[in-house]
Structures are given as C-alpha cells and as structure tokens.
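Written below as structure tokens is the structure these notes are about.
Values in this document were obtained by computation on a predicted structure and should not be read as measured data. Proteins come first, then strands; the chains are lettered A, B, ... in the order of their sequence lines, and each starts at number 1.
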There are 2 protein chains.
Amino acid sequence: MNLKELATKLGLSPTTVSRALNGYPEVNETTRERVVAAAKRHNYHPNTRAIRLATGRAMAVGHVIPIATRHEIVNPVFADFIAGAGETYSRNDYDMVLSVVPDEDEETTYRGLKSKGNVDGVIVHAPRTHDPRIALLREIGLPFVVHGRATGTADPYCWLDVNNRRAFQRATEFLLDLSHSRIGLVNGLEFMDFAIRRRTGYEGALTARGIAPDPALMASDEMTEIAGFRAATRMLALPQPPTAFLASSMISGMGVRRAVESSGLVIGRDVSVIIHDDDLSYMKNGEDVPIFTATRSSVREAGRLTAEMLLDVIARPDAGPQQRLLEAELIIGQSTGPAPKG
Amino acid sequence: MNLKELATKLGLSPTTVSRALNGYPEVNETTRERVVAAAKRHNYHPNTRAIRLATGRAMAVGHVIPIATRHEIVNPVFADFIAGAGETYSRNDYDMVLSVVPDEDEETTYRGLKSKGNVDGVIVHAPRTHDPRIALLREIGLPFVVHGRATGTADPYCWLDVNNRRAFQRATEFLLDLSHSRIGLVNGLEFMDFAIRRRTGYEGALTARGIAPDPALMASDEMTEIAGFRAATRMLALPQPPTAFLASSMISGMGVRRAVESSGLVIGRDVSVIIHDDDLSYMKNGEDVPIFTATRSSVREAGRLTAEMLLDVIARPDAGPQQRLLEAELIIGQSTGPAPKG
DNA sequence: TTGGGCATCCAAAGCGGTTTGAAGCGATTC
DNA sequence: GAATCGCTTCAAACCGCTTTGGATGCCCAA
C-alpha cells in the first residue's frame with residue numbers, strides 16, 4: 001500500500017493525501033479525517049526511502065565507533081550512552097546508525113557519511129585533546145555534537161560534557177576534609193580529554209590545601225578491573241601508601257576494592273574509595289543504599305541530552321554552537337571514612 | 001556532484017555512467033576506465049537515498065533493543081556483539097540501525113521497520129523460550145537471524161548460538177573430575193534461553209555422575225557483580241557450602257570471587273570457580289595468563305558471523321533457514337583446583 | 001456583472017539514482 | 001548487397017514521496 005494506491009482508493013490526488021497526512025493547512029478538515037481514517041484502516045505507512053529522497057534529509061544520525069587501538073569505546077559506558085541517545089531518536093522518528101570501523105578508516109567514514117547522504121549529523125565520542133575530528137567535520141560540513149570536550153580546539157563547537165574537573169576536585173576535597181592526605185588517583189588513559197580534566201581537578205584540590213601531587217600516587221590506564229587492581233596494589237605497596245583512592249569508574253573501583261581487600265584492609269575504615277559513577281543501568285552502584293561513595297552523573301541522560309542537542313543543531317543549522325556542562329552529584333556511600341590515625 | 005552532472009561532464013548518458021561504476025558488462029572497458037577516473041577525480045559518491053529508492057533495498061540492518069524491564073540488553077556483552085556485527089556491515093556497505101524502544105513498543109517497531117522499509121532484515125537479541133518475536137517476524141515477512149535459540153518454537157528459523165548446554169556440562173564435568181561434588185551454579189535469569197540451557201548442561205553432568213542437583217546450590221538472577229556476590233555469599237553460608245562455583249559471566253564471577261575472598265577463602269585452593277567468558281574486548285580474562293578457568297566463546301565473533309548469516313539470508317531469501325552452533329573452549333586458569341579434602 | 005479573495009484540490013516536476021527497451025553501428029554471414 | 005549479430009550507448013520509465021504552481025468553484029465587495 002503506497003501513497004498512490006491510497007489516493008486512488010479515496011478518489012483523491014496523491015498531493016492531497018500527502019498533505020492531509022502531514023498536517024498541511026490547505027486541506028479540508030473533513031477530507032483530512034477521511035484520509036487519516038483510510039490510512040489507518042489500510043495500514044498505510046509512507047515509505048521511508050522515498051521520503052528521504054524527496055525531502056533530501058536522511059532522518060538519521062550517525063555514531064562512528066573506531067575499533068582496534070581505541071577499543072575502549074566498546075565498553076558499558078558507551079552502551080548506556082547509546083541507549084540514552086537512542087531513546088531521543090525514536091521519540092523523534094530518527095534512525096540511529098552505528099558505524100564500526102577501523103581507526104584508520106575513520107576519516108573516510110565521516111566523508112562517506114556526508115557525501116553519500118546517509119545521515120544528517122553525527123555524535124563524536126570520546127574526544128581527545130586536539131581531536132582532529134572536529135576540524136574534519138567542520139570542513140566537510142556535517143553537523144555534529146561532541147560528547148565531552150577537546151581541549152586545544154580553537155573555534156567554538158557543539159558539545160555536552162560533565163564537569164569532570166569539578167567532580168574530581170570536590171571528591172578530593174571531601175577526602176581532604178576527612179583528613180586524608182595521601183590520595184591515590186586511578187585515572188583513565190590521559191589522552192582522553194575527560195581523564196585530563198579529572199586529574200586537573202584532583203591536583204587543584206591538593207595544591208589548594210598545600211599538598212604537592214605525588215606522581216607515585218597517580219596512575220593512568222584503561223578503566224578495567226585489572227588495571228584498577230594493579231594500580232592500587234602498586235600504590236598500597238609504597239612505603240607511605242595512600243589512605244584513600246579516587247577511581248575513574250565503577251569497574252576500576254572494583255579493582256581497587258579487590259586490591260584493598262586482598263591487602264587485608266577494610267574499605268571505609270582503613271582505606272577510603274571514591275569512584276566516578278556513570279549510573280549505568282545494568283551495573284548500579286548498590287541497589288538501595290550506595291556502596292561506593294561516588295561522583296555520579298548518568299551517562300544515559302547525557303546520551304539523551306546530547307542527541308537532543310544534535311537534532312536541534314540539524315533543525316536550526318544557523319543557530320550557532322551550543323554548549324552544555326552537567327554537574328556530577330557527590331553521593332556519600334559506605335566506602336569512605338575519616339583517615340585512620342597515625 | 002551527482003550522476004547527471006558527472007555524465008554531462010563526460011559526454012555520456014547517466015545510464016552508461018551508472019553501469020560503468022556498477023561493473024555491468026555492457027560497457028566498453030575504455031569507457032569504464034574513463035568514468036571511474038572521472039568519478040574519483042570529482043569525488044563522486046552516489047547518493048544512498050536515491051540508490052535505496054531506486055533499488056527498493058534499504059542496505060541497512062536493524063537491531064531492536066528493548067529497554068525498561070529487560071534492560072539486561074544494555075550490557076557489555078551486547079556492546080561487543082554489536083561491534084562484531086558492525087564490522088561485517090561496514091565491510092559489506094550496509095548500515096546498522098539501532099532502535100532503542102520501550103518493551104511494549106517492540107512489536108510496533110518491527111512492523112514499522114518493515115512497512116516503512118527502513119531495513120532489509122533484523123537480528124533478534126536475547127531470545128527467551130517461546131519468544132514471540134520469531135512468529136511475528138515470520139508473519140510480517142522481515143528476514144531475521146536470532147542470536148541464540150528460542151526453545152518452544154515449532155517451525156525452523158535462522159539462528160546462531162553457542163552450545164551453552166555442552167559448555168556448562170563440560171565445565172561441570174571438569175569440576176567433578178577434580179572431586180568437587182557440591183558445585184554452585186550462579187546463573188543468569190532463567191527466562192533467557194541460554195540460561196536454561198546452561199542449567200540443563202550443569203544438571204545433566206551432575207546426574208550422570210549420580211549426584212542429584214541441589215536447588216540450594218542454584219541461583220538465577222541478573223548477571224551483575226552484586227548478584228554474583230549475593231548468590232555466592234548465600235551458598236557459602238549453607239551448612240554444607242559448595243567447594244566450587246559455575247558463574248555465568250565474567251562479571252558474576254567477579255562477584256563470586258569477592259564473596260569467596262571475603263569469607264577468608266582462597267580461590268583455586270579452597271574454592272574453585274569457572275566462569276563463562278564472552279571474551280569481551282574491553283574486559284579480558286587475564287592479560288597473558290588466564291585468571292579464571294572459563295568456558296570461552298567470543299561474542300564479538302558471534303556478532304560477525306550472525307551478521308554474515310543475515311546478509312546471506314537477505315541476498316538469498318529462498319535458500320531456507322540456516323543454523324549454526326558454535327562450541328565454547330574450556331580454558332584452564334588459576335581459579336580451579338582439586339576439591340579440598342574433608 | 002465583474003473580479004478579487006479564499007478555500008480546496010490537483011497535475012506535474014522534481015529528488016538521484018537504476019533498469020528496461022531500443023537504437024546506432026561496424027563486422028560478419030549468406 | 002542485404003540481413004544478422006554483437007558491442008555500446010542512450011532515452012525514458014520508474015522507485016514513492018514532496019512540493020511548486022496552477023486550476024476550480026464559490027462567496028462577497030464594487
């Protein structure tokens with residue numbers, strides 16, 4: 001059942017039927033009702049491919065996911081972000097197309113997406129400092145929103161980010177207030193922009209209290225359980241081990257916890273741990289009661305909002321770049337306590 | 001730059017240019033070279049939207065992801081599967097479109113995908129027993145492949161699955177051979193088909209050795225760290241606690257490990273643990289040396305193969321339903337050992 | 001009576017490709 | 001010399017929708 005058939009059945013022209021269904025004013029209200037009823041009765045759904053060609057819009061948004069080296073993107077945080085963005089897209093009748101490509105094909109993919117007209121815009125994931133994708137997308141004229149920020153990019157661009165610096169600064173201050181002075185930072189890989197900002201926040205809080213950041217207490221690695229475990233184990237073996245940790249994710253935090261516990265120490269008493277909690281829907285921090293003290297910011301909500309921003313940019317291309325900074329909450333759990341005496 | 005412009009520039013008809021670029025035989029080889037060169041020179045890429053309308057094919061595959069109750073789908077296993085499938089799609093110039101929809105809209109989504117012509121086929125994730133999606137997709141005539149199987153479906157359909165029953169049977173036998181007789185099963189939710197098959201394998205191995213499965217040693221819950229922890233903690237508190245565990249995922253296994261360790265027991269000596277390892281790219285089981293003994297089967301590879309099967313089904317709709325059963329490897333790690341005496 | 005304005009509706013021209021049916025043309029065959 | 005054939009190429013239809021630029025009929029003011 002297509003438009004022409006439906007029009008014939010109604011004794012109307014395709015034009016009128018199309019207009020009736022799309023809510024244009026120049027059609028009699030009685031006629032419109034007749035058309036709408038017939039469309040429902042015959043289960044008519046306009047062909048997306050034809051709409052796309054006729055309107056010149058793809059009604060789709062792209063997410064390009066590089067694999068190989070930066071496989072970090074295949075992680076639960078990403079999945080939750082996608083879920084959030086996807087909710088926004090379905091609500092707006094947009095398709096979400098995912099391109100999984102080898103790192104070296106990334107530029108080609110973006111250019112292809114634009115010139116072949118597969119999508120109306122893209123979301124840029126996991127920005128690094130001086131991320132070349134931003135200039136590229138601007139050059140080829142493909143609307144985009146960055147999830148995160150890319151330090152070192154001159155011109156303004158659209159982004160939505162969590163205030164990672166502030167979050168880690170507050171978390172550090174919270175520990176300092178509990179009299180911890182040796183605080184380990186188990187950070188993500190520091191070519192990622194957010195990881196740098198987190199370290200900045202951490203260092204800023206320390207120096208503001210007159211404590212010089214100790215390189216031995218800072219680790220930067222993938223945000224996996226094993227990496228968290230190793231970093232924490234290493235730090236706990238120091239002559240002056242930390243009494244508290246900042247972990248960059250729930251998973252890292254689980255590694256830290258394992259390290260602490262297998263040193264025979266008790267979390268929240270001997271060693272405090274604060275994690276950054278992306279509020280993943282499949283891996284909640286505690287169920288009713290928070291277990292980890294955490295800086296919390298829902299990555300799923302970030303996905304929803306980033307997608308909304310992109311759709312807005314697509315709809316109003318001349319409105320100028322938008323930016324939005326979300327604040328993380330500090331959730332007090334059971335993994336922190338006053339620094340042990342001595 | 002579109003086809004007509006390119007044709008004009010070459011002094012040829014659009015027909016010939018189209019054929020030259022698509023490798024049709026009825027075009028002079030010299031002409032073809034000229035066309036191909038010009039296309040590259042002018043950076044011509046045929047408009048996907050036009051191709052789709054003209055050919056009647058969407059050149060896209062759908063993945064429908066229900067949220068809300070069955071949020072289990074937003075998990076790292078899913079992300080890795082998607083990554084694998086995505087590799088196949090990009091290699092074949094297909095788009096992967098993800099639809100994230102509330103559970104109750106799932107049927108509507110499938111029907112819409114079909115009638116609006118957004119995709120040429122779909123992959124069905126996380127099948128349950130008597131999964132209604134299979135009948136639905138057959139009814140509406142949308143090609144599909146199921147990742148997993150749905151017990152209770154009468155007619156044959158396309159699927160690709162891991163031999164979960166056999167995997168858990170072998171793992172159980174391995175523990176039995178190590179003289180364990182009380183083995184805890186920390187299973188996923190048992191409305192999921194694979195979870196049932198795993199329990200069947202586990203129970204089968206036990207009864208084959210004359211051991212009656214003990215309901216107190218079987219748990220079924222979400223495959224999270226906390227659920228694994230709770231299940232294992234509960235079982236370890238039994239009058240006759242298990243000396244070994246089977247965990248249905250790496251994450252559950254981490255919960256089991258935490259439970260074991262916080263009971264003051266040592267993994268691999270006091271308590272053995274075997275996990276099912278989906279070989280996630282972001283969360284490897286050990287780096288060089290396996291840590292957990294595991295039944296391993298790469299879900300990413302499953303994604304690749306399932307996608308290939310679907311593309312084949314789309315290309316040859318009359319070839320009849322395909323099925324493929326992958327075997328899991330048994331990886332011997334450091335988390336298993338002989339049952340303690342006594 | 002005339003004509004402007006308004007409310008409705010429609011024919012036809014796109015959108016940018018693919019594909020069908022036919023035509024041009026030199027070479028081969030009878 | 002005419003008919004046939006294979007190799008190339010092309011004009012035009014088509015995919016299913018949107019959108020432009022009328023047309024039609026009716027009402028009302030002049």
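When atom types are taken as modelled, the side chain of T31(B) and the backbone of V27(B) share no donor-acceptor pair closer than 3.5 angstrom. S90(B) contributes a side-chain N or O that, together with a main-chain N or O of G86(B), makes up a donor-acceptor pair within less than 3.5 Å.
Salt bridge status for D105(B) with R111(B): absent, with no side-chain N to carboxylate O gap under 4.0 Å. For R149(A) and D161(A), the salt-bridge test passes: some basic side-chain N is under 4.0 Å from an acidic carboxylate O. With respect to the salt-bridge test (charged N to carboxylate O, under 4.0 angstrom), the residues E107(B) and R133(B) do not qualify. Remark: R324(A) does not engage E308(A) in a salt bridge, criterion side-chain N to carboxylate O under 4.0 Å. Using a 4.0 Å cut-off between charged side-chain N and carboxylate O, D120(A) and K114(A) make no salt bridge.
Chain B approaches DNA chain C over the interval dG16(C) to dG21(C), counting the first and last nucleotide 5' to 3' with an atom under 4.0 Å from its heavy atoms. Boundaries of the chain B contact region on DNA chain D are dT8(D) to dG16(D), first to last in 5' to 3' order (nucleotide atom under 4.0 Å from a heavy atom).
With the end axes of the helix from dT1(C)-dA30(D) to dC30(C)-dG1(D) each set by five pairs, the angle from one to the other reads 70° at 10° resolution.
For the pair L305(B)/L326(B), a side-chain contact is recorded, criterion being any heavy-atom separation below 4.5 Å from C-beta on. By the 4.5 Å heavy-atom criterion applied to side chains, R300(A) and D80(A) are counted as neighbours. Contact of the P321(A) side chain with the Q323(A) side chain is registered, since non-hydrogen atoms from C-beta on lie closer than 4.5 Å. Looking at T306(A) and W159(A), their side chains never come closer than 4.5 Å, going by heavy atoms from C-beta outward. Residues V97(B) and M96(A) form no side-chain contact, since every pair of their non-hydrogen atoms from C-beta on lies 4.5 Å or further apart. By the 4.5 Å heavy-atom criterion applied to side chains, Y89(B) and D95(B) are not counted as neighbours.
A heavy-atom distance below 4.0 Å to DNA chain C is reached by these residues of residues 23-54 of chain A, ordered by number: E26(A), V27(A), N28(A), T31(A), L53(A), A54(A). Residues from residues 4-17 of chain A that place a heavy atom under 4.0 Å from any atom of DNA chain D, listed by number: T15(A).
Not a single salt bridge (Lys or Arg N to Asp or Glu O under 4.0 Å) links R41(B) to another residue, sequence neighbours left out.
Within 6.0 Å of atom CZ in R32(A), more than 12 heavy atoms from other residues, nucleotides or ligands are found, so the atom counts as buried in its surroundings.
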